[in-house]
Amino acid sequence: MSACTPTRHDDPHRKEHSHEPHSPPSPRPRGPRLTGADVSASIAVFLIALPLSLGIALATGAPLQAGLVAAAVGGVVVGRLGGAPLQVSGPAAGLTVVTAELIQRYGWRTTCAITVLAGLAQLGLGLLRVARTALAVSPAIVHGMLAGIGVTIAVAQLHIVLGGTPHSSVLLNLRDLPAQLARVQTAALSVSALTLCLLLAWPRLPGRAGRLLRVVPAPLVAVTGATTSAALLGFGLPKVDLPSWSSHALAGLPEGPALGLIAAVLTITLVCSVQSLLGAVAVDKMVAARPALSGRVRRADLDRELLGQGAANVVSGTLGGLPVAGVAVRSTANVNAGAVSRNSTMLHGVLVVIAALLMVPILELIPLASLAALVMAVGIQMVSLHHIRTVTRHREVLVYAVTTVGVVFLGVLEGVALGIGMAVAVALHRLTRTRITHHEKEGVHHVHVRGQLTFLAVPRLSRTLHLVPQGAHAVVELDGSFMDHAAYESLQDWQSTQTAHGGTVELVGRRTGVRIGEPTGPAGLHPDGGTTAPDSSGCRCHPWTPWRNHQCAIPETGGPAQRNNAETTTTRAPEDTEHTEPSDLTAKLDALGAPGTPGATVEAPAPPSSSRAPDATTPTANQLARGISAFQRNTAPLVRSELARLAREGQQPSQLFLTCADSRLVTSMITSSGPGDLFVVRNVGNLVPPPGEESGDDSVAAAIEYAVDVLRVRSITVCGHSGCGAMQALLAADQDTAQTPLRRWLRYGGPSVARMADGSRPAARLAGRAAADTVEQLCLTNVIQQLEHLRAHDSVSRALRAGELELHGMYFHVGEAQAYLLSEVHEGEVFDHVGVADLTA
């Protein structure tokens, strides 16, 4: 069969060659070019890495050159071969305790050999493409491991800060600490204290001058200041001693018991791999939060990153360097400094090599006490209060605590093993801990099952179900995601028995509004004698969906009988919808309520007639009643404990959110907030009347004063939105129009119109682009103008001067479902995209 492809002459749209017929093809780019952003970022990272590398080498007891070797190899090798372009690798504080223990036990040359073997193990894991498996380790274990290492580092370096010598054991360091405090050396303590003061104060320098000075990294400033002060005061303190590179010890053949060496290799491999992979994921999140970088930097290839880390450890160990891993402090500095490619990481490694060869006389002026104080501060920072709050919120604080204590008193590998064991025990406890309660309300028996339904919970489930009298109406709420076969059969047998005696059973799944089964009572009829209502399987029962999809009810047309049927109708959960997540529990509930199951019923009785308003037969009133009923049944049980706490403690919101009364703005949905989080003020046009207006409206001012002075909110947000009717009314305002209440209120938007017309002011922009039309321009300008009105209020101005309050401008594009935050009110007035946040933080 002949091919029917057009020839060159048949294709009139074919493009001609852009080069001469015999010219060679244009060369393909080999990689990203070195940019100014990469150069400046590499210098910033180098200035941080140099003192930290020496300090970490000092803390491990290794030769000080080993820290410089690891920093150079981590920058060049991982920078070139790794899968996370902007992650910076080098000697990590998280490896300090492990390396120090290995040096004490096996000596330096064998420790280098262990590093080489750990690198080979990482290469093997990378080739097997199992990098993602490391992310399965619970964050509580990782954070606990780092916290334990941080405590160990801080206690050991405290002895050097006080002018003494640390021991290899935390217990020995704690035991000798009182004696060390009694013979403290004033010179060492002074230099260390100056280092810590500069380290803490430098990032907090205020004003424009402080912003310029903060370009210089704090660790460099702290070590330089302490070194200069020690030299000027003539302190005779021990200083950095860098022997000649000709005498630098390289890796030797490993010597020691085989099992101990294997355990050491596994420990180095585990700590290096997990820390590096988690760091690569964190760098991805930082890059995603910067829209300017998100399109230019590829997401991390974790398997390639593991290969790069393995190659770096092989090279570093061979050359007599410390183990290499991804480092959070340097990676953060690299991203924040504006790096756009892996060239910044590689160049920082080259700068470390140059410094190690040419700056030896300068480095040997640094007092060891200053480096010890620097490393001690890093160790203290590894015990993160943010991590503690996070694991507490997720009920994993026990795993965190056990891991931390195990690492401090037993060692890293033993502590991690204890943490894994505790994590497994907690998971099993949660799986077997099922709460089953029963109560009667208005003749309806409610059975609430909270947790997973396994065979272990079947006896308690059976006892509770038999508390429901035969022939009664029952509602079984299953608040879990798993049901095994034993629990399924027990529930099915009880359901069949209950319906056979004339009772009805309503099965409510875990997700809001999900109900299972056809609404059939005895003999296939409703209790009122009506026929079975039709199925409407297209239901989407979520709190934020419109009323027309909320309660899965058929349209209310026809006579009273049909309306009654509509009120008592609920439907089977959809088997496959965009809002439904499949689970084991859902499958079993579908089977329990499937057609043909004897007596499987699901009813939502209408509210008692005594509770109805006189006009409750109207569709709107029925929608309202059904909405309230859905809340009471599905949402209230989930929020009741939190609302009870708020009722006891009172409201303590962190933000005042001032926005428009537009029905399309759902503040809790946009801000992902819950009860007690926001103090919300809504009005037409999100306007803030300036203070001192005659015949003004005091309600907004009263809310602002109450929020700032009584509730002590920490921020106020003025939120405008696209297509605002108030802004359209302002643009179409006619001076001759009668002054209705709406017109009188909109006069507070007049300054926004004047601000927009003022050519001397920069026009507000949306993510760098100009506004789409005049209405959008006024919506953006109005947010900025109302912030000016807000600053004029006494309570707000006082809180701003005291540094207790922040003001934010926000714009919500309804059609795009996109939120924008005002990034720089005084410099450009740009509303920028809100990036994807770190939800595990």
How close do [X] and [Y] get, counting heavy atoms only, and between which atoms?
X      : Y      : result
Ser370 : Ala222 : OG-O, 4.3 Å
Leu47  : Pro217 : CB-CG, 3.8 Å
Leu177 : Leu158 : CD1-CD2, 3.7 Å
Arg744 : Arg747 : O-NH1, 2.6 Å
Pro219 : Leu374 : CB-CD1, 3.9 Å
Ile149 : Val407 : N-CG1, 3.7 Å

Using 30° and 60° as the class limits, which term best fits the ring planes of Phe679 and Tyr706: parallel, tilted or perpendicular?
tilted
Looking at side-chain heavy atoms only, is the closest gap between [X] and [Y] below 4.5 Å?
X      : Y      : result
Leu658 : Asn683 : yes
Ile704 : Val688 : yes
Val708 : Arg798 : no
Gln655 : Val713 : no

> Is the number of heavy atoms from other residues, nucleotides or ligands under 6.0 Å of Arg714 CZ greater than 12?
Replying inline: no
Checking Leu731, Leu730, Leu780 against Val775 for side chain to side chain contact (heavy atoms under 4.5 Å, CB included), the one that qualifies is Leu731
The residue among Val45, Asp38, Val88, Ile43 that forms side chain to side chain contact (heavy atoms under 4.5 Å, CB included) with Ser344 is Asp38
To the nearest 0.5 Å, atom CZ of Arg214 lies from atom CZ of Arg204 at 10.5 Å
To the nearest 0.5 Å, atom CG of Asn782 lies from atom CG of Leu687 at 5.5 Å
Next on the checklist: Could you check whether any side-chain N or O of Thr392 sits under 3.5 Å from a backbone N or O of Val397, counting only pairs where one atom can act as donor and the other as acceptor?
Outcome noted: no
Exercise. Using modelled atom types only, decide if a donor and an acceptor are shared between the side chain of Thr717 and the backbone of Cys719 within a distance under 3.5 Å.
Key: no
Applying side chain to side chain contact (heavy atoms under 4.5 Å, CB included), run through Arg393 and Thr390 and close with a yes or a no. CA-CA 5 Å; Arg393 186 167 61 248; Thr390 301; 4.0 Å; yes
